[in-house]
Peer 1: 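Dropping a structure here in structure tokens format, bear with me for questions.
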Amino acid sequence: MTTLLIVEDDLSLNKGIALTLSRSGFIIKQAYDIATAEAIMASSRINLLILDINLPDGSGLDFCESIRMVSKVPIIFLTANDLEPDIVTGFELGGDDYITKPFSLMVLRARVLAVLRRTAPGNEEQITMGPLSFDFGKLQYYKHNQPLSLSRTEQKLLKVLVANPGNILTREQLINRIWSEDADFVDENALTVAIKRLRSKIEDDPSSPQYIKTIYGLGYMWMKGQTPG
């Protein structure tokens with residue numbers, strides 16, 4: 001079952017949110033301050049956090065920042081602060097959505113469902129392996145915590161490879177997936193060039209790749225960081 005934690009000091013609003021979301025089959029836990037929320041998160045597995053920013057014992061923004069040091073749990077901010085700098089700060093600190101008061105409870109429910117779909121395990125949007133970290137949803141890619149600059153073609157190629165670990169993807173399959181409608185007009189050399197450029201950015205030694213292995217005569221395989229055999 002999916003468990004949601006509502007951290008909101010307005011008792012009536014907290015209860016209204018809990019009632020609306022419980023009707024959708026979620027397990028609901030409630031907190032009215034950060035201290036209680038911390039205790040609940042330490043003792044329970046929370047799948048999504050609905051977090052007010054102005055709380056009696058501190059800032060929800062600071063709480064979010066501390067959570068992001070140890071967890072990727074989805075966070076939806078609730079706040080009366082509708083100024084653009086406040087919204088930007090919420091996203092920069094790791095929030096997944098930002099809803100300003102007043103709001104419709106049914107809209108909140110829809111936003112909760114959307115965030116849960118986007119962050120569900122297995123959707124391969126966020127992947128970390130060794131020194132590599134990829135967030136395909138936010139189009140952010142890192143190696144040793146340093147950002148990687150990937151072209152649109154390289155991003156598509158990386159996503160297809162990572163989504164099929166241990167499986168051989170033929171050159172034809174990759175060309176069709178990456179260039180889709182234009183695949184019939186793409187020179188096969190374009191794939192070779194894209195593979196070479198991607199390796200140069202993610203591999204420590206592109207001549208002996210750990211991640212993108214060439215399967216001669218067939219295509220390529222994502223090795224999940226194993227030493228190629």
Peer 1: Which distance, rounded to the nearest 0.5 Å, do you find between the CD1 of Ile99 and the CG of Leu78?
Peer 2: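 Atom-to-atom, Ile99:CD1 and Leu78:CG are 6.0 Å apart.
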
Peer 1: Verify whether one side chain among Asp86 and Thr89 offers a donor that lies under 3.5 Å from an acceptor in the other.
Peer 2: no

Peer 1: Side chain to side chain contact (heavy atoms under 4.5 Å, CB included) between Met41 and Val7: does it pass, once the steps are laid out?
Peer 2: CA-CA 11 Å; Met41 293 195 69; Val7 188; over 6 Å; no

Peer 1: Between Ile17 and Leu55, is there shared hydrophobic-cluster membership here, with clusters defined by ILVMFWY side-chain heavy atoms closer than 4.5 Å?
Peer 2: no

Peer 1: So how far is it from Leu93 CG to Phe63 CZ, rounded to the nearest 0.5 Å?
Peer 2: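 Output value for this atom pair is 13.5 Å.
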
Peer 1: Determine whether a donor-acceptor pair (N or O, by modelled atom type, separation under 3.5 Å) exists between the side chain of Glu154 and the backbone of Leu198.
Peer 2: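 Side chain of Glu154 to backbone of Leu198: no pair is present.
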
Peer 1: For a quick test of reading the model, state the closest non-hydrogen atom pair linking Met223 to Lys213 and the distance between them.
Peer 2: CG-CB, 3.5 Å

Peer 1: So which heavy atom on Met221 is nearest to which on Ile168, and how close?
Peer 2: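 In terms of heavy atoms, the two residues are closest at CE-CG1, 3.4 Å.
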
Peer 1: Answer whether the closest heavy-atom distance between the side chains of His144 and Leu132 falls below 4.5 Å.
Peer 2: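 With C-beta onward as the side chain, the pair stays apart.
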
Peer 1: Do you see a donor-acceptor pair shorter than 3.5 Å between the side chains of Tyr211 and Arg199?
Peer 2: no

Peer 1: Mind checking whether Tyr98 and Ile76 have side chains closer than 4.5 Å, heavy atoms only?
Peer 2: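 Result no, sub-4.5 Å side-chain heavy-atom pair not found.
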
Peer 1: Applying the 4.5 Å side-chain criterion to the ILVMFWY set and letting contacts propagate, would Val162 and Ile202 be lumped into a single cluster?
Peer 2: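 Result: yes, single cluster for both.
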
Peer 1: Measure the spacing between CD1 of Ile6 and NZ of Lys15 and express it to the nearest 0.5 Å.
Peer 2: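 Rounded to the nearest 0.5 Å, the CD1-NZ separation comes out at 12.0 Å.
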
Peer 1: Which heavy-atom pair separates Lys201 from Leu148 by the least distance, and what is that distance?
Peer 2: O-CD2, 3.5 Å

Peer 1: Quick check on the hydrophobic clustering: are Leu113 and Leu108 connected, directly or via other members, by side-chain heavy-atom contacts under 4.5 Å?
Peer 2: yes

Peer 1: If the test is side-chain contact (heavy atoms from CB on, under 4.5 Å), which one of Val160, Asn164, Ile212, Leu169 qualifies with Trp222?
Peer 2: Ile212

Peer 1: Please give me the minimum heavy-atom distance between Gly90 and Phe77, naming the atom from each residue.
Peer 2: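 Closest heavy-atom pair between Gly90 and Phe77: O-CE1, 3.3 Å.
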
Peer 1: Quick one: does Arg45's side chain get under 4.5 Å of Thr3's, heavy atoms only?
Peer 2: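 Arg45 vs Thr3: side chains apart.
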
Peer 1: Verify, without hydrogens or angle tests, whether Thr36 (side chain) and Tyr32 (backbone) share a donor-acceptor contact under 3.5 angstrom.
Peer 2: no

Peer 1: Check the hydrophobic clustering (I, L, V, M, F, W, Y; side-chain heavy atoms under 4.5 Å; chains of links allowed) and say if Leu116 and Leu5 are grouped together.
Peer 2: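 Different clusters: Leu116 never reaches Leu5 through Ile, Leu, Val, Met, Phe, Trp or Tyr contacts under 4.5 Å.
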
Peer 1: Are side-chain N/O atoms of Arg197 and Ser151 paired as donor and acceptor at under 3.5 Å?
Peer 2: no

Peer 1: Counting only heavy atoms not in Lys196 (residues, nucleotides, ligands), do more than 12 fall under 6.0 Å from its NZ?
Peer 2: no

Peer 1: How long is the straight-line distance from CG of Leu191 back to CD of Glu172, given to the nearest 0.5 Å?
Peer 2: 11.5 Å

Peer 1: For atom CG of Asn145, decide whether the heavy atoms of other residues, nucleotides or ligands shown that lie under 6.0 angstrom number more than 12.
Peer 2: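 Check fails, neighbour count at 12 or below.
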
Peer 1: Within the structure provided, determine whether Ser44 and Lys29 are in side-chain contact (heavy-atom separation under 4.5 Å).
Peer 2: yes

Peer 1: Run the salt bridge (Lys or Arg N to Asp or Glu O under 4.0 Å) check on Lys101 and Asp10 step by step: do they pass?
Peer 2: CA-CA 12 Å; Lys101 302 174 183 176; Asp10 184 320; over 6 Å; no

Peer 1: Are Ile40 and Val112 linked, directly or through intermediate hydrophobic residues, by side-chain heavy-atom contacts shorter than 4.5 Å (ILVMFWY only)?
Peer 2: no

Peer 1: CE/Met106 to OG/Ser24 distance, rounded to the nearest 0.5 angstrom?
Peer 2: 6.5 Å

Peer 1: Identify the two heavy atoms, one from Ala31 and one from Ala37, that lie closest to each other, and give their separation to 0.1 Å.
Peer 2: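 Taking Ala31 first and Ala37 second, the nearest heavy atoms are CB-N, 3.7 Å.
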
Peer 1: Compare all side-chain heavy atoms of Tyr220 with those of Ile215 and state whether any distance is below 4.5 angstrom.
Peer 2: no

Peer 1: Shortest non-hydrogen contact from Leu174 to Leu161?
Peer 2: CD2-CD2, 4.3 Å

Peer 1: After noting the C-alpha distance and the side-chain angles of Leu13 and Phe103, does the key distance pass the side chain to side chain contact (heavy atoms under 4.5 Å, CB included) rule?
Peer 2: CA-CA 11 Å; Leu13 179 57; Phe103 56 86; 4.0 Å; yes

Peer 1: Any chance you could measure Asp96, atom CG, to Arg111, atom CZ, to the nearest 0.5 Å?
Peer 2: 11.5 Å

Peer 1: Mark yes or no for whether Asn47, through its side chain, and Leu4, through its backbone, hold a donor-acceptor pair below 3.5 Å.
Peer 2: no

Peer 1: Would you say Glu203's side chain and Ser200's backbone share a donor-acceptor pair under 3.5 angstrom?
Peer 2: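 Pair absent, no side-chain N/O of Glu203 close to backbone of Ser200.
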
Peer 1: Start with the C-alpha distance between Ile27 and Thr2, add both sets of side-chain angles, then the distance that settles side chain to side chain contact (heavy atoms under 4.5 Å, CB included), and finish with yes or no.
Peer 2: CA-CA 6 Å; Ile27 296 174; Thr2 300; over 6 Å; no

Peer 1: Please evaluate residues Leu139 and Asp135 with respect to the criterion side chain to side chain contact (heavy atoms under 4.5 Å, CB included), reporting the C-alpha separation (whole Å), side-chain torsions for both, the decisive distance (0.1 Å), and the verdict.
Peer 2: CA-CA 6 Å; Leu139 304 181; Asp135 189 325; over 6 Å; no

Peer 1: Tell me if the centroids of the rings in Tyr141 and Phe136 come within less than 6.0 Å of each other.
Peer 2: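 Ring centres of Phe136 and Tyr141 closer than 6.0 Å.
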
